[in-house]
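Quick notes on the structure that follows.
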Amino acid sequence: MSPKTIYDKIWDAHVAHEAEDGTCLLYIDRHLVHEVTSPQAFEGLRMTGRTVRAPDKTIAVPDHNVPTTAGRDDPKNMTEDSAIQVAALDTNAKEFGIHYYPVSDVRQGIVHIVGPEQGWTLPGMTVVCGDSHTATHGAFGALAHGIGTSEVEHVLATQTLIQKKSKNMKVEITGKLKPGVTAKDITMSVIGETGTAGGTGYVIEYCGEAIRDLSMEGRMTVCNMAIEGGARAGLIAPDEKTYEYCKGRPHAPKGAEWEAAETYWRTLFTDEGAHFDKVVTLNGADIEPSVTWGTSPEDVLPISGVVPFPSDFEGGKVEAAQRALDYMGLTPGQKLTDIEIDTVFIGSCTNGRIEDFRAVAEVVKGKKIKEGMRAMIVPGSGLVRAQAEEEGLADIFREAGFDWRLAGCSMCLAMNPDQLSEHERCAATSNRNFEGRQGYKGRTHLVSPAMAAAAALTGRLTDIRELV
Amino acid sequence: MEKFENLSGIAAPMPLVNIDTDMIIPKVFLKTIKRSGLGVNLFDEMRFDRQGNEIEDFVLNKPAYRDAQIIVAGDNFGCGSSREHAPWALADFGIKSVISTSFADIFYNNCFKNGILPIVLPQEAVDVLMKDAEKGANARMDIDLVAQTVTTSDGEVFSFELDSFKKHCLAEGLDDIGLTMEKASAIDTFEASASAARPWV
Ligand code: SF4
């Protein structure tokens, strides 16, 4: 048998049908659903008299729209259109009999945080969701990717997806990271290296010592942004850390089933000599704390750098860079650490987990955020919030002057009331810095949680290594 | 879904790279539970100012391009979120084809579900088509799905690649859920053997 990558193995284990031209029906093990991209899909089922084929493999949670302030289980505290979407999810979940975590449930949170937390996401699975950051679940050695609403409907009705196989890409991060460098800096640096289209047509396997050294949470951060590099999915082979994380989760297997599962999971690695169509290697020691200056995640630089000149680029990117500089209100040549910010947003499916919050607490403990700074910290789930309360992190945040909120997507995409105002400048731990992403004409700089915390204290983009 | 007929239309030039789905349809318009009616908000933040007035120099506001059915765009069109609202908005506005050197994966797939043909061509070809599009309303571009060609107003022809299954569905306007359901027995068989092999799933 020819050697296979982990992607090849998971793919082969899920092909339910293959047509002559190579178009496959890929069987889906877990389908996650949220309120924004699903109403039209459920409506489609109703109109055609179809049902959900595997309701026990379908999990719904509202996250994008929900306010992150108290009183949100009362629809009166939501805008009317948001309330309609959340109510539609509620109705659809009940009517079609799928698993559901409403806002009133402590387990509610961002769909990509809830899945792993509840043990829905396990190694070797195929996981899809009508959301591009589904790549997050790849951290478990699952094949996970985002789909559009028509595909949501297709999966609901058939539990499969029409797919052709992607190519294999390997991203290897060798060696050890330097102090102050995090999973977020790895994933941003990779995009800086490959560009936002560098992964188009590929499924990425992240490997190497620096990836192995990461916790499961760090690995989720890395895979989360695979989509920003254009890849269909990003994944990491499971290991002891993966099993340790999964064990005992509510929906993880137990007893003899666990044993069988673990035995199977241990076969999920890339065979010696397996073929990769593209290989990117970064030396972990070369990665610096990173920050974006522009309006695309590929506009990334080490924090020690300066704002680039449009003439540093070529082709269509010259115009894009000029447009980004105008939008961001930056001057070429300006030191990144001289950029003053008004707002800090810590949260999202990239960095809204407990370890992210521990990293923030470490930086801000006993300190106060800069006067006039708006600093918002939004847990990725109700359980993350509860744990942060229990560990005393929430008190540290409140004492430092942070606004400690309820779980949801919040200012990551600003569909709820958490938004930037015009020209407000934000250091954010989320994953997208597109024009208008966090609010009309809002300006976003993507950073790690520790760097966001540092920026909250100093009022400017800050090299975390100055503070530790 | 409507069949994709051969197209002869006005092409709007959008040379910007990385046109993302937040630009195509800003999130404020995602709060709908319908698929229709999004065309008026296509490219909203680029097309209108905060008072709702048209921004004159945005390409789709120029008289020559108001009825454009084709967009010729810079690299990596449709990157970002998985929102199908992006192709819904394009289709609702009347766009039937987008031409670029590359597309983001999810957006690319979403187009076919909505009767839009995304065409990938090499940089040199896109450069020629961009120039052609810049000529305005008198320069109509022709797209032939069956022959897989784009023809400029000057008669220059470029061939493009297309997956045969996607082409078939687009040309026939097929509902792919219906097609998949015809293979229900294959799915049943797979499901039974998979749940025996991996009962924890
Ligand atoms: S946190 Fe942001 S990126 Fe993640 S699912 Fe929510 S909106 Fe999408």
Side-chain angles (χ1 to χ4, degrees), chain A residues 13 16-17 19 21 23 25 27 29 36-37 39-40 43 48 50 65 79 81-82 84-85 88 122 124-125 130-132 146-151 153-154 157-160 162 164 196-197 200-201 230 232 253 257-258 260-261 264 296 316-317 319-320 323 413-415 432 434-437 440, chain B residues 15-18 20-23 26-28 30-35 45-46 50 74-76 79-88 101-110 113-114 123 163-166 175-181 183-184 186-187 189-191 194 197-201:
Chain A
H17 181 270
D21 70 349
T23 303
L25 285 180
Y27 191 82
D29 295 326
V36 178
T37 57
Q40 294 87 348
E43 196 51 34
T48 47
R50 290 168 178 149
N65 257 310
T79 60
D81 40 11
S82 294
I84 290 172
Q85 270 192 342
L122 296 169
M125 283 183 165
D131 185 281
S132 53
I147 54 178
T149 298
S150 296
E151 290 176 316
E153 188 178 337
H154 192 279
T158 70
Q159 205 57 28
T160 64
I162 301 174
K164 272 209 171 150
T196 44
T200 304
R232 175 165 296 172
E257 237 175 39
W258 172 272
Y264 172 68
S296 163
K317 295 213 171 140
E319 192 196 335
R323 185 183 168 94
L413 94 164
M415 263 187 91
R432 287 194 176 134
F434 298 153
E435 289 182 18
R437 170 78 179 184
Y440 182 75
Chain B
L16 197 62
V17 299
N18 295 330
D20 58 68
T21 51
D22 282 74
M23 287 183 190
K27 70 221 153 212
V28 279
L30 306 190
K31 297 195 184 193
T32 171
I33 55 171
K34 301 206 191 84
R35 285 179 154 97
E45 289 178 5
M46 299 164 96
R50 278 305 239 187
D75 309 343
N76 199 29
C79 58
S81 109
S82 65
R83 63 187 69 162
E84 199 161 320
H85 309 69
W88 293 337
T101 55
S102 60
F103 292 89
D105 190 48
I106 305 175
F107 175 83
Y108 185 81
N109 280 323
N110 283 342
K113 317 278 183 198
N114 295 284
Q123 188 69 56
D163 177 82
S164 55
F165 178 73
K166 289 195 164 77
D175 158 25
D176 55 13
I177 298 180
L179 287 179
T180 298
M181 287 191 131
K183 306 197 182 85
I187 303 174
T189 311
F190 176 87
E191 206 165 47
R198 298 188 294 275
W200 60 88
V201 179

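First the proteins, then the strands, lettered A, B, ... as listed; each starts at 1.
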ask   = For the side chain of A:Arg432 and the backbone of B:Gly80, is there at least one donor-acceptor N/O pair under 3.5 Å apart?
value = yes
query = Any side-chain heavy-atom pair from A:Leu122 and B:Arg198 closer than 4.5 angstrom?
reply = no
request  = With a 4.5 angstrom heavy-atom cut-off, could you sort out which part of B:Tyr108 is near chain A: side chain, backbone, both or neither?
outcome  = neither
inquiry  = What's the separation between atom OG in A:Ser150 and atom CH2 in B:Trp88, rounded to the nearest 0.5 Å?
reply    = 6.5 Å
task = Compare all side-chain heavy atoms of B:Thr32 with those of A:Gln40 and state whether any distance is below 4.5 angstrom.
result = yes
task = Taking the side chain as every heavy atom from C-beta outward, state whether B:Met181 and A:Thr158 have any pair of such atoms under 4.5 Å apart.
result = yes
ask   = Considering only heavy atoms, which portion of B:Ile106 lies under 4.5 Å from any heavy atom of chain A: side chain, backbone, both, or neither?
value = side chain
inquiry  = Quick check against the 3.5 Å criterion: does B:Lys31 have a side-chain atom that pairs as donor or acceptor with the backbone of A:Met415?
reply    = yes
ask   = Can you tell me how far the NZ atom of B:Lys166 sits from the NZ atom of A:Lys164, to the nearest 0.5 Å?
value = 7.0 Å
note = CG (B:Asp176) and NE2 (A:His154) are apart, to the nearest 0.5 Å, by 5.0 Å
ask   = Distance only, no hydrogens: is a donor on one side chain within 3.5 Å (strictly under) of an acceptor on the other, for B:Glu191 and A:Tyr27?
value = yes
task = Could you grab the distance from atom CD of A:Glu151 to atom CD1 of B:Ile177, nearest 0.5 Å is fine?
result = 10.0 Å
